[in-house]
2 protein chains.
Amino acid sequence: MSLRFALLAALLEGDASGYELSKVFDVSSAHFWSGTPQQLYRELDRLERDGLVDVEVVPQERRPTKKVLSLNEAGRAALRAYASAPARAQAIRSDLMVKVQAADVADIDDLLATVTQQADEFRAKLRLFERVRERMLDGRDEETYLRESDRVGPFLTLERGLAFERENLAWSERVIAVLTARRAR
Amino acid sequence: MSLRFALLAALLEGDASGYELSKVFDVSSAHFWSGTPQQLYRELDRLERDGLVDVEVVPQERRPTKKVLSLNEAGRAALRAYASAPARAQAIRSDLMVKVQAADVADIDDLLATVTQQADEFRAKLRLFERVRERMLDGRDEETYLRESDRVGPFLTLERGLAFERENLAWSERVIAVLTARRAR
DNA sequence: ATATTCATGTAACAAGTTACATGATTAG
DNA sequence: CTAATCATGTAACTTGTTACATGAATAT
């Protein structure tokens, strides 16, 4: 159910096509919710059907015609109601952690390769988020930004995303150190 | 697909009934994967059908009869293969973060109540994980434990769980501070 | 008395994934 | 010349959620 509101929340940042939204929600760049393009297109159809977004078909010169979505008053009201209602408990589901949980029966070299590769992804995501943060702050310091900006939501979630990737990276490096020491025994 | 291996990994810690596993995978106590009892029972049936676990029906005196599951050689081999294969990218999906992303259209008092309530849950989970950690270490320091224990997986994932809840809590408090300052304007 | 715990399950539904398709354009 | 990008979609499938049911035992 949250995908729908994640999409509406993304549209607060401005009108966007399904394709553009699919970039925002891509696993490799998402910082508060992710979904595949197929999931988005299905949900966007429903948002249109339910009258929560306005759709404008925009023909382009040397690109396929796109549908640009914008949040309308009904959508804004639905998002407001959702954001004001209690949150559900945070479900932890990490494929990498399941593998580490099973570290003691795994092939250590294979697992080390996996963790190393994931660490690279965490590093890339961290760098990406840091660049987005710089662009958001635009020279101002954090406190000035929070005082002056009319929107704090995207900044706050980005901070959480940054901390998450930093922890992922630090933990990966710890796992690598421990497994390497184990292998040596 | 990971639920299946999360269950097998949980069985590395010893035989367990579906009911006991449903406690381990409960959102409020899980630290690497979560699932509802209904999901587990369905998957446990499949694990049995696929011959990855042995099932012993244990009648009890003043309790309903239970099925105790144990990892067999086929299950151990399947888990080993899974743990040695590459991990899929970490998908971020947080209901709370979607709400904070939409903070600027939400009712601030309602959102503050939500974040405060979530902070309480993070605190409870943090305390729970800290107790589990103490029990695991059993007086030894971390390095001694990692050197002596025959299993490091559960300790490593617990460390990640602890860091995650610590970050959740710190971020919640930050969000509360920012939203409170906003409300005052 | 009432709620919670133990222990399992069925049924219906919603959400998420994977594979595939189209067809033009631009970057390496 | 091949791969990636733009832009959307269909179909089939797997996972995850919600609501409900059973029935005894114990805790408040």
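What's counted below: heavy atoms across the whole structure, side chains too, no hydrogens, waters or symmetry copies. In this text the structure is predicted, and so the values were computed from the model without any measurement. So that the names make sense, note that chain A is the first sequence line, chain B the second, and so on, each numbered from 1.
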Legend entry - A/Arg4 side, atom CZ; A/Leu52 side, atom CG - distance, nearest 0.5 Å: 5.5 Å
Inset, instruction - Please name all residues satisfying side chain to side chain donor-acceptor pair (under 3.5 Å) with A/Asp54, sequence neighbours left out, ordered by chain then number. - result: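 A/Asp54: side chain to side chain donor-acceptor pair (under 3.5 Å) contacts with A/Asn72.
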Inset, instruction - Find out whether A/Leu12 and A/Arg76 are in side-chain contact, i.e. whether some heavy atom of one side chain is under 4.5 Å from a heavy atom of the other. - result: yes
Kindly point out which of [options] is positioned nearest to the side chain of [X]?
{"X": "A/Gln39", "options": "D/dA7, D/dT15, C/dA15", "result": "C/dA15"}
{"X": "A/Thr36", "options": "C/dT17, D/dG9, C/dG16", "result": "C/dT17"}
{"X": "A/Arg42", "options": "C/dT8, C/dG16, D/dG9", "result": "C/dG16"}
{"X": "A/Tyr41", "options": "C/dG9, D/dA7, D/dT15", "result": "D/dA7"}

d([atom1], [X]; [atom2], [N]) in whole Å:
{"X": "B/Tyr19", "N": "D/dG23", "atom1": "OH", "atom2": "P", "value": "18 Å"}
{"X": "A/Glu20", "N": "D/dA7", "atom1": "CD", "atom2": "P", "value": "7 Å"}
{"X": "A/Arg46", "N": "D/dG9", "atom1": "CZ", "atom2": "P", "value": "14 Å"}
{"X": "A/Lys66", "N": "D/dA7", "atom1": "NZ", "atom2": "P", "value": "5 Å"}
{"X": "A/Leu44", "N": "D/dA7", "atom1": "CG", "atom2": "P", "value": "15 Å"}
{"X": "B/Phe25", "N": "D/dG16", "atom1": "CZ", "atom2": "C1'", "value": "14 Å"}
{"X": "B/Leu40", "N": "C/dT10", "atom1": "CG", "atom2": "P", "value": "14 Å"}

Inset, instruction - Under 4.0 Å between any heavy atoms, over every strand shown, what does A/Ser22 touch: base, sugar-phosphate, or nothing? Just pick one. - result: nothing
Legend entry - B/Asp15: salt bridge (charged side-chain N to carboxylate O under 4.0 Å, His left out) partners, not counting sequence neighbours: none
Legend entry - Of A/Leu3 and B/Pro37, the one whose closest DNA chain C nucleotide lies more 5': B/Pro37
Legend entry - First of A/Gly35 and B/Lys23 reached from the 5' end of DNA chain C, by closest nucleotide: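 First, find each residue's nearest nucleotide; the 5'-ward one identifies B/Lys23.
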With the criterion being N/O to N/O and under 3.5 Å, what pairs connect the protein with nucleotides 20-24 of chain C, and how long is each?
none

Inset, instruction - Check each residue of residues 85-101 of chain B for a non-hydrogen atom within less than 4.0 Å of any atom in DNA chain C, then write out the ones that pass by number, or none. - result: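 Heavy-atom contacts with DNA chain C come from B/Arg88, B/Arg93.
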Inset, instruction - Apply ring-ring contact (aromatic ring centres under 6.0 Å, His included) to B/Phe155 and list each qualifying residue two or more places apart in sequence or on a separate chain. - result: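 Expected list: B/Tyr145.
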Inset, instruction - List in chain and number order the residues that pass ring-ring contact (aromatic ring centres under 6.0 Å, His included) with A/Tyr19, two or more places apart in sequence or in another chain; answer none if no residue qualifies. - result: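 With neighbours one apart ignored, the set is empty.
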Inset, instruction - Would you please test B/Arg135 and B/Glu130 for salt bridge (charged side-chain N to carboxylate O under 4.0 Å, His left out) and show each step? - result: CA-CA 9 Å; B/Arg135 219 176 305 135; B/Glu130 273 163 356; over 6 Å; no
Inset, instruction - Answer yes if B/Phe32 and A/Phe164 sit in the same cluster of Ile, Leu, Val, Met, Phe, Trp and Tyr residues linked by side chain heavy atoms under 4.5 Å apart, and no otherwise. - result: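 Not linked; separate clusters.
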Inset, instruction - Decide whether A/Val27 and A/Val98 are clustered together by the hydrophobic rule: side chain heavy atoms of Ile, Leu, Val, Met, Phe, Trp, Tyr closer than 4.5 Å, transitively. - result: no
